[in-house]
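Data block below; observations after.
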Amino acid sequence: MTRILGIETSCDETGIAVVEDGRRILANEVASQVAIHARFGGVVPEIASRQHTRCISQLTQVVLESTGGPPDAVAATVAPGLMGSLLVGVNFAKALSYAWKVPFVPVHHLEGHIFSALLTDDAPDWPFLALIVSGGHTQLVWCAKPHEYHTLGATRDDAVGECFDKVARLLDLPYPGGPSIQKAAEGGDPHAYAFPRAMAKVDSLDFSYSGLKTAVLYQVRDGGGNTPDLAASFQYAAVDILILKTRLAVSRTGAKHVVVAGGVAANKLLRERMAQDLDVPVTVPPFALCVDNGAMIAAAGASRLAHGMVGTLRTTPVPTMPL
Ligand code: KG4
Ligand code: ZN
């Protein structure tokens with residue numbers, strides 16, 4: 001039995017969790033800063049790192065009290081993310097690992113999102129195809145085996161979550177944009193506006209979301225329209241392109257299983273259409289594992305530990321790093 005403490009502080013969620021044998025979540029606590037950043041319309045990095053500092057010890061204590069003594073290793077997100085935020089989690093993790101004399105395991109944030117699928121009841125067997133959709137990333141990744149990843153396509157400009165956030169601002173909907181657009185779209189007509197599907201006709205697995213954002217901007221500025229119809233049509237177009245490119249990636253790779261992970265995987269329409277429109281089984285983790293959390297970092301950390309991929313006190317965070 002191996003217990004890993006997972007620490008996630010790359011953006012605006014402090015996530016602390018303990019996972020047993022890389023599969024069983026014993027505790028998973030998240031302190032979200034969404035309400036704090038909402039009035040600024042986006043994450044303010046300096047406020048984020050201060051907030052992580054403010055709550056990381058207490059959250060860890062709560063988790064440890066419910067799961068017993070020190071774990072067998074401490075895993076933390078080292079990249080990519082906001083530098084100040086990453087520093088809080090990594091330095092905290094290294095201090096705990098030194099004090100407890102257990103390994104420190106550095107984890108890439110996107111690998112964490114991939115491993116969130118392995119914490120579910122319908123976990124895929126390797127190899128599988130992963131669509132990672134978050135505020136900072138939109139990527140199709142061939143997951144050949146643990147820790148061997150091939151990026152097949154990625155966004156050339158905005159990430160899909162970022163696009164949801166920017167379009168929400170255009171429509172005067174609150175931050176974060178994803179959930180508020182989803183809510184506003186409930187009463188709207190998804191076919192009211194024919195927003196563009198960028199790269200749809202191009203034989204590439206890359207994405208582009210800046211044109212879609214601009215199309216909504218022009219519609220709002222020049223033509224107006226009601227918010228539910230605009231939100232529904234935007235959401236439908238944004239999801240459509242994810243489905244289209246994922247289907248193309250399945251046919252190219254012959255993937256037998258697809259994983260959808262990251263904050264945007266919480267989107268109801270995306271979840272429904274993934275289940276309907278793909279010809280292979282799709283695993284979309286429950287909401288709590290889609291948004292940033294410590295359990296996914298602990299799960300990835302458990303596998304890294306088993307493969308001897310541990311860090312040292314000299315390991316430092318990196319704000320940008322490919323998977
Ligand atoms: O993975 P995540 O929690 O943080 C990053 O690593 O970026 O993803 C956050 C992103 C935000 O852009 C947010 O608007 C989006 O996920 N999001 C959603 C939904 N819930 C969160 N997007 C669409 N529909 C949702 N229901
Ligand atoms: Zn994330």
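In listed order, ligands and their atoms are each counted from 1. Everything numeric in this text was worked out from a predicted model, so none of it was measured.
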Counting from 1, what ligand 1 atoms have a heavy atom of [X] closer than 4.0 Å?
X	answer
G161	12 (O)
A266	20 (N), 26 (N)
G136	7 (O)
P179	19 (C), 20 (N), 21 (C), 25 (C)

Heavy-atom nearest neighbour in the protein, as seen from [atom], with distance rounded to 0.1 Å:
atom	result
atom 15 (C) of ligand 1	V264 CG2, 3.9 Å
atom 26 (N) of ligand 1	Q182 OE1, 3.0 Å
atom 24 (N) of ligand 1	N267 ND2, 3.0 Å
atom 2 (P) of ligand 1	D292 OD1, 3.5 Å
atom 10 (C) of ligand 1	G135 N, 3.5 Å
atom 8 (O) of ligand 1	G263 CA, 3.3 Å

*asked:* Working to the nearest 0.5 angstrom, can you tell me the gap between L82 CG and S49 OG?
replied: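 Atom-to-atom, L82:CG and S49:OG are 8.0 Å apart.
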_Rounded distance (nearest 0.5 Å) linking atom CG of L118 with atom CE of M296_ =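 Spacing of CG (L118) from CE (M296) equals 12.5 Å.
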*Does T9 offer a backbone N or O that forms a donor-acceptor pair with the side chain of T77 under 3.5 Å?*
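It does not hold such a pair.
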*Less than 6.0 Å separating the ring centroids of F164 and F234?*
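F164 vs F234: aromatic centres under 6.0 Å.
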*Take the angle between the ring planes of F128 and W126 and call it parallel below 30°, perpendicular above 60°, tilted in between.*
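Answer is tilted, since the angle falls between 30° and 60°.
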*Going by the angle between their ring planes, with limits at 30° and 60°, are F207 and Y209 parallel, tilted or perpendicular?*
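It falls in the parallel class, under 30°.
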Relative to ligand 1, is [X] under 4.0 angstrom through side chain, backbone, both or neither, heavy atoms considered?
X	value
D165	side chain
H137	neither
H109	side chain

*Shortest-distance N, O or S atom of D292 relative to the Zn ion (ligand 2)*: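 Atom name of the closest N, O or S in D292: OD1.
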*Does F115 have R304 sitting over its ring (NZ/CZ under 6.0 Å from centre, angle to axis within 45°)?*
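Cation-pi check for R304 and F115: fails.
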*Would Q235 count as a contact of ligand 1 if the rule is a heavy atom under 4.0 Å away?*
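So Q235 does not count as touching ligand 1.
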*asked:* Heavy-atom contact check, 4.0 Å cutoff: does C11 meet ligand 1?
replied: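 In this structure, C11 fails to qualify as a contact of ligand 1 - no heavy atom is under 4.0 Å.
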Side-chain donor-acceptor pair under 3.5 Å between [X] and [Y], yes or no?
X	Y	answer
D157	S208	yes
S233	H191	no
H147	S303	yes
Q235	N267	yes

*Got an N, O or S from H109 under 2.8 Å of the Zn ion (ligand 2)?*
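Yes - counting backbone and side chain alike, H109 has an N, O or S atom under 2.8 Å.
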*Has H113 got an N, O or S atom lying less than 2.8 Å from the Zn ion (ligand 2)?*
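Checking the Zn ion (ligand 2) against H113, an N, O or S atom does fall under 2.8 Å.
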_Sub-3.5 Å N/O-N/O distance, G178 and ligand 1_ =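 G178 vs ligand 1: N/O contact under 3.5 Å present.
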_Close N or O approach (F287, ligand 1; < 3.5 Å)_ =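 So ligand 1 has no N or O lying under 3.5 Å from an N or O of F287.
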*For a side-chain hydrogen bond (donor to acceptor under 3.5 Å, both in side chains) with T14, tell me which candidate from E8, E29, H52, Q58 qualifies.*
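It is H52; the other options fail the test.
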